[in-house]
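What follows is a single structure, written as structure tokens, with notes after it.
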Amino acid sequence: MAMAMRLPAIARAATEMASAPVGLRRLLCSNATNFSFLSPQANSETPARPQADPTTNLFVSGLSKRTTSEGLRTAFAQFGEVADAKVVTDRVSGYSKGFGFVRYATLEDSAKGIAGMDGKFLDGWVIFAEYARPREPYRPQNNMPPSPYGNRY
DNA sequence: TGTGAGCGC
């Protein structure tokens, strides 16, 4: 009886925690060093917005290492048209880094994707779906060693 | 334990 209660209770707790806003999630998932509710201006204003601006692009974390880009696309495709889905993998080992990106065709779809997938289970792991931050500008790695003669010809 | 927070090439 008691054993039968264990798994559902854990699953429920995980889902509840996952359904909390991202800021609160950080509080629940880690031993927070910053108790912002003790701060006077915490209620009036939140200086740093925890959530990125809405985009068609989603950042998905908490993925199982076994989840592939195809699995990611399949899971998110039930809530909208997925234009692109990618699990980020380590270049040398090929293993998943445990997070990825899903780009929907429209903003409406991406909103539905978050609502439908955030805090849900995928391959046995509770995943987090949120709007992705704009990708860092691509700068080609300049592997040229500094010339002893300087950069002038 | 591809040891688990994160933002990709």
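So you know, we letter chains A, B, ... as the sequences are listed, proteins then strands, and number each from 1. Bear in mind the structure is a predicted one, so any value in this text is a computation, not a measurement.
Listed pair R135(A) / dG8(B) fails the phosphate criterion, with no side-chain N or O lying under 4.0 Å from OP1 or OP2.
L58(A) places a side-chain heavy atom less than 4.5 Å from the side chain of Y131(A). Using a 4.5 Å cut-off on side-chain heavy atoms (C-beta onward), L72(A) and V102(A) make contact. With contacts defined as side-chain heavy-atom distances shorter than 4.5 Å, the pair T68(A)/V87(A) does not qualify.
Note: NZ (K97(A)) to P (dG8(B)) measures 7 Å, nearest angstrom. Taking atom CZ of F101(A) as the reference point, atom P of dG6(B) lies 14 Å away to the nearest angstrom. Rounded to a whole Å, the CG atom of L122(A) is 20 Å from the P atom of dG4(B). K86(A) places its NZ atom 11 Å from the C1' atom of dC7(B), with the value rounded to the nearest Å. The distance between atom CZ of R133(A) and atom P of dC9(B), rounded to the nearest whole Å, is 15 Å. Per the geometry, CD belonging to E136(A) stands 8 Å off C1' belonging to dC7(B), to the nearest Å.
Taking the side chain to side chain donor-acceptor pair (under 3.5 Å) definition, one finds that T67(A) meets it with D123(A), sequence neighbours left out. Listed by chain and number, the residues in a side-chain contact (heavy atoms from CB on, under 4.5 Å) with A132(A) are N57(A), F59(A), F101(A) (sequence neighbours excluded).
Note that NZ of K112(A) is 10.5 Å distant from CD of E81(A), once rounded to the nearest 0.5 Å.
Residue-to-nucleotide contacts include no donor-acceptor pair under 3.5 Å from the side chain of D90(A) to the base of dG8(B).
Within residues 59-74 of chain A, the residues having any heavy atom closer than 4.0 Å to DNA chain B are, in order of number, F59(A), S61(A), G62(A), L63(A), K65(A).
Listed candidates were dG8(B), dG6(B), dG4(B). Nearest to the side chain of W125(A) is dG4(B). Here the nucleotide nearest the side chain of F99(A), chosen from dG6(B), dG8(B), dC9(B), is dG6(B).
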